[in-house]
Structures are given as C-alpha cells and as structure tokens.
Amino acid sequence: NAGVTQTPKFRILKIGQSMTLQCTQDMNHNYMYWYRQDPGMGLKLIYYSVGAGITDKGEVPNGYNVSRSTTEDFPLRLELAAPSQTSVYFCASSYSSLAETQYFGPGTRLLVL
Amino acid sequence: GIQVEQSPPDLILQEGANSTLRCNFSDSVNNLQWFHQNPWGQLINLFYIPSGTKQNGRLSATTVATERYSLLYISSSQTTDSGVYFCAVEDNFNKFYFGSGTKLNVKP
C-alpha cells in the first residue's frame with residue numbers, strides 16, 4: 001500500500017490564482033481530512049469527509065472547497081489564493097473516526113506571493 | 001471548539017533521560033491521539049488513547065478523561081525521539097483539534 005499520497009509537494013502561487021491539492025489513499029478508509037499547519041503551530045482542520053459524497057467544515061474552512069466523489073480521493077480547492085494561505089497542507093485518512101488512528105500524507109508546502 | 005494546551009512548549013534532554021509531556025483539554029472528547037512530527041515534517045501516530053494507559057516500547061501514554069488530561073512518557077530518550085509531539089482530540093462532531101505541540105530536542 002502506498003498509504004496517503006499528496007501532490008504537489010511544493011507550489012508557489014500568485015495572489016488571486018487558484019489551484020487544487022490532490023490527496024489519494026489506497027487503504028479503503030472512510031474518513032479523510034485536510035489540515036493546515038502554520039510555522040511553529042499545531043494542525044488546524046479545514047474540511048473533513050466521513051464517506052464518498054459527504055463533506056463538512058472544520059475549524060478553518062474559509063477560502064477552501066472540497067469534494068469527495070470517490071472513497072480514494074479528497075481534493076482541496078483554493079480559489080483566489082491569499083498570502084494568509086501560505087502554509088503546509090496535510091491530508092489524512094482513517095477507517096473511522098472512532099478507535100482508529102489517522103494516517104498522514106507527506107504534506108504540500110504552499111507559498112502565496 | 002475544544003481548547004487543547006500542551007506543556008512544556010520546548011524541552012531539551014540529554015540522551016538517556018526520561019520525560020513527561022502533558023496535554024490538557026477543555027471538554028469531554030471521543031478520541032485522543034498522540035503524534036510525533038519528525039524534523040522532516042512527517043507525522044506519525046503514536047497512540048490512540050481516549051482513556052487508560054498504553055505502552056509501546058519506550059513510550060507510554062495515560063489519559064484521565066474525567067480530569068481532561070493526557071500524559072506521554074518517554075523513557076531512555078534517543079536522538080531519534082527529537083521532533084514535535086502533538087496531542088489531538090476529537091469532539092462529538094468528528095472534528096479534531098490539535099495542541100500547539102511540545103518541541104523536543106534530544107542531545108547526544
């Protein structure tokens with residue numbers, strides 16, 4: 001199993017540009033999560049999904065959108081990128097949210113200039 | 001949301017020393033996990049421990065849910081233990097909240 005994969009590893013965006021961060025897991029996990037980690041801080045939940053077709057907002061959803069058309073994929077869309085979205089983005093998955101651990105991808109480092 | 005506070009924020013140890021990291025949370029939780037983020041940014045789950053005590057090698061964790069805290073014990077620390085240790089809790093709505101972490105530096 002590849003686990004949780006994320007692409008790209010690193011990206012520079014100009015203010016106002018849009019992009020999609022890709023996340024794929026091959027563990028048949030129901031739950032998937034997107035977090036951002038600002039320098040020296042813990043992770044903050046952006047969006048999560050408990051299964052295909054179901055998504056919900058986390059702690060910091062503004063400026064982002066997600067979709068979950070398949071169990072495997074959970075892309076994160078940034079519309080109109082802003083410098084405040086400069087961060088490291090982590091995708092994670094778990095079989096369920098109860099009694100199961102989360103497995104993290106390697107992260108995507110995003111710089112908005 | 002649930003407030004998660006970790007202490008200490010920074011910790012320097014000599015190799016071989018023991019340490020205790022603490023995580024306090026502000027409300028009842030369904031889930032509590034400890035993670036280690038290595039110096040390369042990789043996040044690894046250490047424990048799923050909403051209550052009770054678990055041990056895995058030199059690491060062990062205890063959560064006292066009624067008193068809203070969890071402790072992570074590291075014994076005989078090694079340089080490879082360096083990194084940031086995060087506590088994360090899940091509320092009743094499947095949302096996770098992370099603490100700011102404890103940055104550990106183990107010196108040879």
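Values reported hereafter were calculated over all heavy atoms of this structure, with side chains retained and with hydrogens, waters and symmetry mates removed. Sequence lines set the chain letters: A, B, ... in the order given, protein chains first and strands last, and positions in each chain run from 1. Remember, predicted model here, so these are calculated numbers, not experimental data.
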- Message: Are Y33(A) and K95(B) packed together at the side-chain level, in the sense that at least one heavy-atom pair is separated by less than 4.5 angstrom?
- Response: no
- Message: Measuring from atom CD of Q102(A) to atom CG of N31(B), what distance do you get when rounded to the nearest 0.5 angstrom?
- Response: 7.5 Å
- Query: What do the steps show when you test F104(A) against Q37(B) for side chain to side chain contact (heavy atoms under 4.5 Å, CB included), and what is the final call?
  - Reply: CA-CA 10 Å; F104(A) 283 81; Q37(B) 187 170 38; over 6 Å; no
- Checking Q6(B) against chain A: side chain, backbone, both or neither under 4.5 Å from a heavy atom? neither
- Message: In this structure, is the centre-to-centre distance between the rings of Y48(A) and F96(B) below 6.0 Å?
- Response: no
- Task: Please check if atom CD in E5(B) has more than 12 non-hydrogen atoms from other residues, nucleotides or ligands closer than 6.0 Å.
- Result: no
- Item | Test item: F90(A) and L43(B) side chains (from C-beta on) under 4.5 Å apart, heavy atoms | yes
- Query: Transitively linked via ILVMFWY side-chain contacts under 4.5 Å: L46(B) with Y103(A)?
  - Reply: no
- Message: Around atom CZ of R22(B), are there more than 12 heavy atoms from other residues, nucleotides or ligands closer than 6.0 Å?
- Response: yes
- Give, for atom CZ of F98(B) and atom CE of M41(A), the distance between the pair rounded to the nearest 0.5 Å. 13.0 Å
Pairs under 3.5 angstrom only: tabulate donor-acceptor contacts from the side chains of residues 100-108 of chain B to other protein residues two or more places apart or in another chain.
{"from": "T102(B)", "atom 1": "OG1", "to": "P8(B)", "atom 2": "O", "distance (Å)": "2.6"}

- Message: Taking atom NZ as the centre, does K54(B) end up with more than 12 heavy-atom neighbours from other residues, nucleotides or ligands that are less than 6.0 angstrom away?
- Response: yes
- Message: Given heavy-atom pairs under 4.5 angstrom as the criterion, report whether the side chain, backbone, both or neither of F35(B) touches chain A.
- Response: side chain
- Task: Can you measure from CG (L45(A)) to CD (E90(B)) and round to the nearest 0.5 angstrom?
- Result: 10.0 Å
- Task: Heavy-atom distances under 4.5 Å only: say whether V88(A) touches chain B with side chain, backbone, both or neither.
- Result: neither
- Applying a strict 4.5 Å limit to non-hydrogen atoms, the region of K44(A) in contact with chain B is neither
- Query: Would you say V60(A) and L13(A) are hydrophobically clustered, going by side-chain heavy atoms of ILVMFWY under 4.5 Å?
  - Reply: yes
- Tell me whether Y31(A) is reachable from F74(A) by hopping between hydrophobic residues (I, L, V, M, F, W, Y) whose side-chain heavy atoms are closer than 4.5 Å. no
